[in-house]
There are 2 protein chains.
Amino acid sequence: MSLPHAILTALLEKPSSGLELTRRFDRSIGYFWSATHQQIYRELGKLEAEGLIRALPAEQPVRGQKKSYEVLPAGRAELARWTAAAQDPKPHRDTLLLRLRAAAMVGTAGLEADLRRHLDLHRQQLAEYEKIEQRDFPPGKDSAQDRLQHLVLRAGIDLETFWTQWLEHALAEFAELPGRDAK
Amino acid sequence: MSLPHAILTALLEKPSSGLELTRRFDRSIGYFWSATHQQIYRELGKLEAEGLIRALPAEQPVRGQKKSYEVLPAGRAELARWTAAAQDPKPHRDTLLLRLRAAAMVGTAGLEADLRRHLDLHRQQLAEYEKIEQRDFPPGKDSAQDRLQHLVLRAGIDLETFWTQWLEHALAEFAELPGRDAK
DNA sequence: CCTTGTTGTGCAACTAGTTGCATAAACCGT
DNA sequence: ACGGTTTATGCAACTAGTTGCACAACAAGG
């Protein structure tokens, strides 16, 4: 149950409308907790009903009209509670590793191309993160807030670095596989 | 839609009953694609209905009686198809990173203890993987199959290594945070 | 024999996330 | 003033995964 808390965090960083949230999920929070606009609107409704956030404008809340939300004290409290509460790590699910293991049984035919594609995607993501680091964390910005956010970004950078390296290694391994599409 | 394929892979490695599969998911495949026994039984039923696997024994299939399955040619074909098909990487979802980002807004109070706990869990997992590597991949075992499976295990080892290092770094960062539970 | 624990199988209900589509206002060219 | 595109909000149906529980067979101990 993390989506509501992701939204609370985003709204604390900056009160926003549903669409603005959606965009920010695409660029930032979504890097480790993605969500579609449908999910976000649904959740905004629930959070408002629970009294954790409220709609900002007194303007008529018509369809097709922007509606911004801000976090209420109860919402902040709930977020603090959730942040501090112990949580077990959820097991990862990685399709690519699964496919590799399947390939050990049914052959690697066709897999290599997709590995290359993934390598490319991870390189792009890495470049993206590094641009963000340059832009948002110049030396000197090191308030507690900055340090924590930077820490999160570092995790992203290091994870992408790991994947690019692993994929390069995997492709090298593929290149020297006995029969190429070994049974 | 990966669970059926995870099961096909496991059954190709060794025909098994539902419970045996469950156990092997806990020890091995489940490290990157976890599943509960309920999921597995449900999926075995579907796979059998689709003609991708079949029950082995001619013995009476009573409740509380072991029922083993093996993969049929159609199942192997489907697995090969799926393995080769291009698939976009699903975005990760990481609660811990989310909580850290929330902590940047509502304070780090209480979070440190759970970070330590996670560090411990990752260290355990790493030790587990390294034991498996020692046991299952002694130098010399390097058929195509072994190499591919080893590659997957390496990903697990390197990921856990990454997480332990990142968590150590995060905890060090926490230690020198200005007010300790910075707003 | 009879209860208690373990092994093995499975259904049902629920939760979270995804996909497809609907609706309406605003802006923009013609 | 009209039709097309973009911005913005949202509902409904579906899929995958989780949780809670039920039930049968068998083995072990009193």
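Atom set for the values below is all heavy atoms of this structure, side chains included, hydrogens, waters and symmetry mates excluded. Just so it is clear: chains get the letters A, B, ... in the order the sequence lines come, proteins before strands, and each one is counted from 1. If you're wondering where the values come from, they're calculated on a predicted model, not measured in any experiment.
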Nearest-angstrom distance from the residue atom [atom1] of [X] to [atom2] of [N]:
X: A:M1; N: D:dT19; atom1: CE; atom2: P; answer: 13 Å
X: A:K46; N: D:dG10; atom1: NZ; atom2: P; answer: 15 Å
X: A:Y41; N: D:dA12; atom1: OH; atom2: P; answer: 17 Å
X: B:F25; N: D:dT18; atom1: CZ; atom2: C1'; answer: 16 Å
X: A:D88; N: D:dT18; atom1: CG; atom2: C1'; answer: 15 Å
X: A:E43; N: C:dA16; atom1: CD; atom2: P; answer: 8 Å
X: B:I40; N: C:dG8; atom1: CD1; atom2: P; answer: 14 Å
X: A:H5; N: C:dA16; atom1: NE2; atom2: P; answer: 11 Å

Would you say a side-chain N or O of [X] is under 4.0 Å from OP1 or OP2 of [N]?
X: B:T36; N: D:dT19; answer: no
X: A:R23; N: D:dA8; answer: yes
X: B:Q39; N: D:dT18; answer: yes
X: B:R93; N: C:dT18; answer: yes
X: A:K67; N: D:dG10; answer: yes

Subject >> Within the 6.0 Å centroid threshold, strictly below: B:F32 and A:H92 >> reply: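 Aromatic pair excluded; centres sit 6.0 Å or further apart.
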Subject >> Nearest-nucleotide comparison on DNA chain C, the residue closer to the 5′ end among B:K90 and B:S17 >> reply: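 Result of the comparison: B:S17.
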Check every atom of [options] against the side chain of [X] and return the nucleotide holding the closest atom.
X: B:W33; options: D:dG17, C:dT19, C:dT9; value: D:dG17
X: B:L3; options: D:dG17, C:dT9, D:dG20; value: D:dG17
X: B:R42; options: C:dA16, D:dG10, D:dT18; value: D:dT18

**OP:** Kindly indicate whether the side chain of B:Q38 and the base of D:dG17 share any N or O donor-acceptor pair separated by less than 3.5 Å?
**Re:**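 No, the side chain and the base share no sub-3.5 Å donor-acceptor pair.
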**OP:** Answer yes or no: side-chain N or O of A:H37 and base N or O of D:dG10 forming a donor-acceptor pair under 3.5 Å.
**Re:**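 Result: at least one qualifying N/O pair found.
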**OP:** Tell me what B:T22 touches on the nucleic acid: a base, only sugar-phosphate, or nothing, going by heavy atoms under 4.0 Å.
**Re:**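 No contact at all - B:T22 keeps every heavy atom at 4.0 Å or more from the nucleic acid.
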Residue pair [X] / [Y], side-chain donor-acceptor N/O under 3.5 Å:
X: B:S143; Y: B:D146; answer: yes
X: A:S2; Y: B:R93; answer: no
X: A:H5; Y: A:E78; answer: yes

**OP:** Return the 5'-most residue of the pair A:L19, A:P91 with respect to DNA chain D, ranking by each residue's nearest nucleotide.
**Re:**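 Closest to the 5' end, via its nearest nucleotide, is A:L19.
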Original post:
Within a strict 4.5 Å, meaning less than it, do heavy atoms of the B:R23 and B:S16 side chains meet?
Top reply: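 No, too far: nothing below the 4.5 Å cut-off.
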**OP:** Classify the angle between the aromatic ring planes of A:H122 and A:H118 as parallel (below 30°), tilted (30 to 60°) or perpendicular (above 60°).
**Re:**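 If you compare the ring of A:H122 with that of A:H118, the planes turn out tilted.
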